[in-house]
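Take a look at the structure below.
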Amino acid sequence: MKLAILSRAPQAYSTQRLRAAALQRGHRVKVLNTLRFAIDLTGPDPDLQYRGRQLSDYDAILPRIGNSITYFGTAVVRQFEQMDVYTPNTANGITNARDKLRANQILSRHNIGMPATAFVRDRADVRPAIERVGGAPVVIKLLEGTQGIGVILAPQVKVAEAIIETLHSTKQNVLIQRFIAESRGRDIRALVVGDRVVAAMRRVASGDEFRSNVHRGGTVEPVELDPEYELAAVRSAQIMGLKVAGVDMLEGNDGPLVMEVNSSPGLQGIETATNLDVAGAIIDYMANQVAFPEIDVRQRLTVSTGYGVAELLVHGNADLVGKPLRESGLADRDISVLTLHRGANVVPNPRGSVVLESGDRLLCFGRLEEMRSMIPERRKRRAKVRRLPKEPIPEG
Ligand SMILES: Nc1ncnc2c1ncn2[C@@H]1O[C@H](COP(=O)(O)OP(=O)(O)O)[C@@H](O)[C@H]1O
Ligand SMILES: [Mg+2]
């Protein structure tokens, strides 16, 4: 394949390793400076220039987008996506993961363990939020910090309030998060490639520091992950929309607590700690997937009039519970079932013989009108445009 690594740091360990791994496998590879692209929307098709010249054809890109250039960097990645160039990490995936609040929100409906977190704006809501996550000591985080910078442990509620107020006054948004004392300055970094963890390490904070980031003096050691941790890491990366990710987890009393998902994970720490060829695993995975550039399903499927994707709940639907899928009548109504979700399990292309259970969720493609009647009351009502009251509303 012909691969472009998007990076502003050609000399960095990770870039060098990825480049070498690609060359070693007989691929063509260039390191291109993300900031030297020009997004070109002047012609009939989406296009890109690089250093002022037409960009040649690439099969795949590997984005390594730093925090300081998220907006421009993701715009470039999105442009490659429009041009059907394969990327393991989409612009959406990178954007989702970059903001710790956004990532937590997206993960929160998928049964992934996370430290209790709150996000408030008004001064009056700060103290109740701290209490809700468990009181002091409490962790305060900038939404887009990295390397441990912007992560603070406040020993008392009063101190926490003062810090949060100060940050709010400088227009910084912060997360309020339960301090997971039992993890004792240690955390797990799992490197996910595709649907598996290819390497994992434990990071241990130095001295009385609670942040275990290598940039904060943390030391690293290889670790054999429990299946529970592997699953949490892989699912988190998948839900974010990232095929290459570094998932950070605390070791909570009841299992893994995902803190963040990094879309440009550094390779030096993890390769040194584990002696594994993580760069090679990334390149091999990409070479395998290059024929399948990400398709924005919503964008592509829902442009055909009247058809769309919807989730049907089997719960309480007497026509469906206990029936095999093929007798559900969905096919007769021109509705295809793409996936069946049962608890944390997903069955892609479920067979006709699968017996539906209460609690199942079916992700379907079909005529929206057909599916509307099967969507539960509450969700249906929300979509309605309400009639204005007959009486005029008094002004002021
Ligand atoms: N809620 C928490 N409880 C205990 N330790 C935490 C908590 N949140 C973060 N830490 C520690 O601080 C480090 C940095 O936090 P993280 O959210 O990963 O931010 P960054 O993006 O700066 O790495 C973590 O690796 C972990 O060691
Ligand atoms: Mg981190």
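For this chain, numbers begin at 1 and follow the sequence in order. Computed from a predicted model, the values in this text were never measured in an experiment. Both counts, for ligands and for their atoms, begin at 1 and track the order of listing.
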>> Going by side chain to side chain donor-acceptor pair (under 3.5 Å), name the pairs with one or both residues in residues 227-243, residues two or more places apart or in two chains.
In response: none
> Should you measure from each heavy atom of Phe179, which atoms of ligand 1 turn up under 4.0 Å away?
Replying inline: 3 (N), 4 (C)
>> Taking CD in Glu224 as the centre, count heavy atoms belonging to other residues, nucleotides or ligands within less than 6.0 Å. Is the count above 12?
In response: no
>> If we count only N and O atoms by modelled type, under 3.5 Å, do the side chains of Arg186 and Ser212 hold a donor and an acceptor together?
In response: no
> Considering only heavy atoms, which of Pro115, Gly148, Gly252 lies nearest to atom 22 (O) of ligand 1?
Replying inline: Gly148
> Does Ser183, backbone or side chain, put an N or O under 3.5 Å from an N or O of ligand 1?
Replying inline: no
>> Tell me whether Gly145 reaches ligand 1 (any heavy atom closer than 4.0 angstrom to a ligand atom).
In response: yes
>> Among Lys141, Glu260, Met259, Arg178, which one puts a heavy atom closest to atom 17 (O) of ligand 1?
In response: Lys141
> What atoms in ligand 1 come closer than 4.0 Å to a heavy atom of Gln177?
Replying inline: 1 (N), 8 (N)
>> One residue to check: Val151. Relative to ligand 1, which of side chain, backbone, both or neither has a non-hydrogen atom less than 4.0 Å away?
In response: side chain
> In terms of heavy-atom contacts, does CG of Asp254 have more than 12 from other residues, nucleotides or ligands at under 6.0 Å?
Replying inline: no
> Who's the nearest protein heavy-atom neighbour of atom 25 (O) of ligand 1, and how far?
Replying inline: Asp187 OD2, 2.6 Å
> Residues two or more places apart in sequence or in another chain: which of them pass ring-ring contact (aromatic ring centres under 6.0 Å, His included) with Phe37?
Replying inline: Tyr50, Phe80
> So, Gln49 versus Asp40: side-chain donor-acceptor pair below 3.5 Å or not?
Replying inline: yes
> Which option, Leu257, Asn213, Leu250, owns the non-hydrogen atom nearest atom 2 (C) of ligand 1?
Replying inline: Leu250
>> The criterion is side-chain contact (heavy atoms from CB on, under 4.5 Å); which residues satisfy it with Ala75, sequence neighbours excluded?
In response: Ile39, Arg78
>> Any donor-acceptor pair under 3.5 Å linking the side-chain atoms of Glu251 with those of Ser183?
In response: no
>> Among all protein heavy atoms in this structure, tell me which lies nearest to atom 12 (O) of ligand 1, with the distance rounded to 0.1 Å.
In response: Arg211 CG, 3.4 Å
>> Are Arg189 and Val247 packed together at the side-chain level, in the sense that at least one heavy-atom pair is separated by less than 4.5 angstrom?
In response: no
>> So if I count the atoms of ligand 1 from 1 in the order they appear, which ones are less than 4.0 Å from some heavy atom of Thr146?
In response: 20 (P), 21 (O), 22 (O)
> Is any protein N, O or S atom closer than 2.8 Å to the Mg ion (ligand 2), and if so, which?
Replying inline: Asp248 OD2, Glu260 OE2
>> Checking salt bridge (Lys or Arg N to Asp or Glu O under 4.0 Å) between Glu260 and each of Arg98, Lys100, Lys141, which is the one that passes?
In response: Lys100
> Can you find a side-chain donor-acceptor pair between His168 and Thr166 that sits under 3.5 Å?
Replying inline: no
> For atom 27 (O) of ligand 1, what is the nearest protein heavy atom, given as residue, atom name and distance?
Replying inline: Ser212 OG, 2.7 Å
>> Can you confirm whether Arg17 sits close enough to Ser14 that some side-chain heavy atom of one is under 4.5 Å from a side-chain heavy atom of the other?
In response: no
> Around atom NZ of Lys30, are there more than 12 heavy atoms of other residues, nucleotides or ligands at under 6.0 Å?
Replying inline: no
> Between Phe119 and Ile176, does a side chain to side chain contact (heavy atoms under 4.5 Å, CB included) hold up when you go through it step by step?
Replying inline: CA-CA 6 Å; Phe119 184 65; Ile176 299 168; over 6 Å; no
> Just which atoms of ligand 1 are under 4.0 Å from any heavy atom in Asp248?
Replying inline: 18 (O)
>> Distance under 4.0 Å to a non-hydrogen atom of Ile180: what atoms of ligand 1 satisfy this?
In response: 2 (C), 3 (N), 4 (C)
> Out of Lys100, Arg98, Gln147, whose heavy atom is nearest to atom 21 (O) of ligand 1?
Replying inline: Lys100
> Nearest protein heavy-atom contact for atom 5 (N) of ligand 1: which residue, which atom, what distance?
Replying inline: Phe210 CD1, 3.7 Å
